[in-house]
Protein chains: 2
Amino acid sequence: MATIEDVARSAGLSRTTVSRVINDHPYVSIAKKKKVKEAMEELGYVPNSAARSLRNQRTGMIAVLIPRVMNPFFSQLIETLELAAAESFYQLIICQTQYSAKKELTYLNLLKTKQVDGVILTSAENDWSAIEGFTEYGPVILCNEFDERANVPMIYMDQQEAGYKATRHLIEQGHRKIAYCCGRFRSNVASAREEGFMMALHEAGLAFDEQYAFREAITSSDGTEIFRSIRGDSGRPTAIFTGSDEVAAGIVSEALRHGWSIPRDLAVTGFDNQVITELMNPRITTVEQPVREMALKTMEVLLERIRNRQYTGTERHQFSMKLIVRESTHMQAELAGIQ
Amino acid sequence: MATIEDVARSAGLSRTTVSRVINDHPYVSIAKKKKVKEAMEELGYVPNSAARSLRNQRTGMIAVLIPRVMNPFFSQLIETLELAAAESFYQLIICQTQYSAKKELTYLNLLKTKQVDGVILTSAENDWSAIEGFTEYGPVILCNEFDERANVPMIYMDQQEAGYKATRHLIEQGHRKIAYCCGRFRSNVASAREEGFMMALHEAGLAFDEQYAFREAITSSDGTEIFRSIRGDSGRPTAIFTGSDEVAAGIVSEALRHGWSIPRDLAVTGFDNQVITELMNPRITTVEQPVREMALKTMEVLLERIRNRQYTGTERHQFSMKLIVRESTHMQAELAGIQ
DNA sequence: CTGAAAGCGCTAACAC
DNA sequence: GTGTTAGCGCTTTCAG
């Protein structure tokens with residue numbers, strides 16, 4: 001493996017000059033520059049990045065902490081983040097916390113050990129007090145996550161508004177008994193969404209029956225379970241709010257198999273606007289999150305912070321979501337859909 | 001930021017001793033070991049990984065090249081790979097080639113610049129001759145990818161068998177005109193699959209009509225398009241083989257919206273056994289790939305090669321796939337499904 | 001414009 | 001058991 005020393009020797013110049021050429025510094029004569037380039041070419045020289053990192057105190061790596069890659073919301077986030085990172089010549093390291101607070105801390109350590117220049121936290125498992133200490137070692141950005149106490153940038157969506165809008169829509173369709181499903185974000189995301197949900201009920205003078213709260217619903221088979229559990233009830237809800245398209249699809253799919261008509265027998269809302277919502281029949285009403293925009297903003301803020309070595313200081317970017325009404329909640333939409 | 005030097009001074013010992021404690025070497029007295037640990041604790045010391053990488057010639061990073069994260073097959077692969085890597089204290093770097101040969105080369109350069117200890121190539125965009133040169137800098141593993149000329153480990157599935165099995169199943173259901181869809185892997189994956197497809201047709205004495213070959217089908221909306229394009233034909237196929245569950249779901253979904261009955265009017269097979277195949281109604285017949293097993297084998301082989309600094313030398317691990325018959329191709333299955 | 005030399009933080013001979 | 005010391009490959013003063 002050729003080193004800068006080899007190149008220098010081969011070109012009959014000093015390491016300094018070679019380094020200047022590599023980094024495109026001024027004050028190198030054209031002739032020598034050419035000589036260096038030839039030598040590099042001939043030796044197949046490539047700068048060793050560990051040495052550069054050590055010297056420059058900068059790795060060109062960014063860690064993204066997510067619960068799981070397979071969760072479509074997060075993989076969509078990752079996709080855009082990676083594209084944005086690559087554009088600025090940064091590499092993305094994937095860190096799956098698997099909803100484990102301990103794993104999260106392990107990954108946050110990448111910042112301490114200088115393996116990454118910054119961290120993007122998309123779903124905090126630890127309390128902020130446990131995370132705060134890491135912010136002195138490099139920028140930590142909350143993306144999709146939110147905490148009142150956090151003194152770092154936060155890029156997030158108005159979950160409360162989203163919960164409110166979707167629920168309000170169900171109420172407008174005449175529903176009085178509405179079930180609530182969410183995943184196990186221990187974070188403020190779920191609670192804000194639930195606040196919005198409750199707010200809409202409250203406003204309409206409706207009570208919530210805790211019996212119909214499902215707070216561990218993540219996958220489509222969780223949806224299947226949920227359907228089965230309410231299926232026989234006489235006082236069952238006529239509509240279900242879910243925090244995930246997969247759960248919604250699971251419910252719809254199972255209901256159809258049991259001969260139910262959606263939305264007549266049961267109205268269902270999803271969350272995320274994933275592909276599946278358009279493939280189901282009826283199509284599923286859902287909430288569209290501006291994932292791309294968030295990802296881009298996140299990377300922009302992060303790179304800015306890395307550049308300025310500014311690790312603390314809050315900064316809030318809130319995005320709005322859009323309710324997309326489809327046939328799983330709305331008869332009219334169903335009719336329009338058939339064409 | 002505390003360094004090893006600081007710890008040594010604070011503990012009244014040498015850097016060597018501290019280093020020994022960090023790396024759990026023998027020959028350190030219990031008393032001093034304790035002293036060192038206390039000093040590390042007090043100073044909040046964490047070893048700098050750039051320095052370690054430089055010194056040890058090892059980064060603890062692995063690059064995974066995939067076309068796109070959002071493709072469920074690849075995100076599933078990533079998920080398992082990351083888990084396996086984390087278990088051995090390796091970090092995974094995500095590299096999206098976006099089907100670009102140039103981007104692929106950029107990412108392969110991570111090996112040259114020593115930013116990673118190894119590379120997993122899941123879908124080669126370049127010809128092997130362009131990739132071969134990188135193998136002298138570190139291990140390159142083909143996972144899901146295959147090339148006769150490659151002198152590196154290959155972990156892959158028997159795509160030909162899969163194509164054959166699925167097609168044969170369609171023929172057994174009485175179909176004589178079968179359409180073919182695949183994505184744009186420029187790799188041998190697609191061609192092997194197609195070989196299997198053709199082999200089954202041939203064996204049954206059936207001809208293939210090139211008019212019904214769709215070789216750029218990736219997403220569910222591609223599936224929608226495909227349905228529309230065959231919809232009006234009088235001599236249209238009665239069955240479709242697809243290389244992707246999403247395409248299959250798109251076809252099924254659109255067909256149902258047009259009042260077709262699946263599989264009576266059109267039989268459809270998917271590929272990958274993604275969640276969506278069980279959510280659609282009818283459920284979709286598909287081919288299950290042993291993604292998890294492949295991912296684990298890949299990581300095992302890669303870590304082994306890193307350990308032994310053995311970069312070249314072929315080694316083939318072929319996995320079999322399983323056809324999962326569901327209602328989208330099989331009436332009986334449909335009846336059983338209704339229960 | 002160019003080069004000599006110090007040092008980023010760590011590990012591993014080698015000597016004691 | 002423990003310490004001294006020479007680098008890993010690179011960038012950047014500083015002096016010329």
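The chains referred to below are lettered A, B, ... by the order of the sequence lines, with proteins before strands, and numbering in each begins at 1.
The side chain of Thr3(B) contributes no N or O atom lying less than 4.0 Å from OP1 or OP2 of dC8(C). Side-chain nitrogen and oxygen atoms of Asn56(A) include none within less than 4.0 Å of the OP1 or OP2 phosphate oxygen of dC8(C). OP1 or OP2 of dT2(C) has at least one side-chain nitrogen or oxygen of Lys32(A) nearer than 4.0 Å. Phosphate contact (OP1/OP2 of dG3(C), side-chain N/O of Thr17(A), threshold under 4.0 Å): present. Gln57(B) has no side-chain polar atom (N or O) that falls below the 4.0 Å cut-off from OP1 or OP2 of dT11(C). When the side-chain nitrogen and oxygen atoms of Arg52(A) are compared with OP1 and OP2 of dT11(D), one or more of them lie within a distance under 4.0 Å. A close approach under 4.0 Å does occur between a side-chain nitrogen or oxygen of His25(B) and OP1 or OP2 of dA12(C).
The interatomic distance linking Ile4(B) (CD1) with dT4(D) (P) rounds to 14 Å, in whole Å. Straight-line distance from the CZ atom of Arg15(B) to the P atom of dT11(C): 10 Å, rounded to whole Å. The separation between Met40(B) atom CE and dC10(C) atom P is 11 Å, rounded to whole Å. In this structure, Leu54(B) places its CG atom 13 Å from P of dA12(C), rounding to the nearest Å. Rounded to whole angstrom, the span from the CZ atom of Arg58(B) across to the C1' atom of dG9(D) amounts to 18 Å. Atom CD in Gln115(B) sits about 14 Å away from atom C1' in dG9(D), given to the nearest Å. Whole-Å rounding puts the Lys114(B) NZ to dG9(D) P distance at 10 Å. Taking atom CE on Met1(B) and atom C1' on dG9(C), their separation rounds to 11 Å, with Å as the unit.
With DNA chain D read from its 5' end, the first of the two nearest nucleotides for Tyr45(A) and Ile30(B) is the one closest to Ile30(B). Remark on DNA chain C: of its neighbouring residues Arg20(B) and Ala50(B), the 5'-side contact belongs to Ala50(B), judged by nearest-heavy-atom nucleotide.
Using a distance-only test at 3.5 Å, with no hydrogens or angles considered, a donor-acceptor pair links the side chain of Asp117(B) to the main chain of Gly60(B).
One finds no salt bridge joining Lys103(A) and Glu125(A) here, because no Lys/Arg side-chain nitrogen approaches an Asp/Glu carboxylate oxygen to under 4.0 Å. In summary, Asp127(B) and Arg149(B) engage in a salt bridge, as defined by a charged side-chain N under 4.0 Å from a carboxylate O.
Contact annotation: side chain of Arg55(A) to base of dG9(C), donor-acceptor pair absent below 3.5 Å. Donor-acceptor pairing under 3.5 Å, judged by distance alone, is present between the side chain of Thr16(A) and the base of dT12(D).
Annotation for Ala85(B) and Leu92(B): closest pair CB-CD1, 4.0 Å, computed over non-hydrogen atoms. The two residues Glu104(B) and Ser123(B) have their closest heavy-atom pair at OE1-O, 3.5 Å.
Counting any heavy atom pair closer than 4.0 Å across all strands shown, Pro26(B) reaches no nucleic acid atom.
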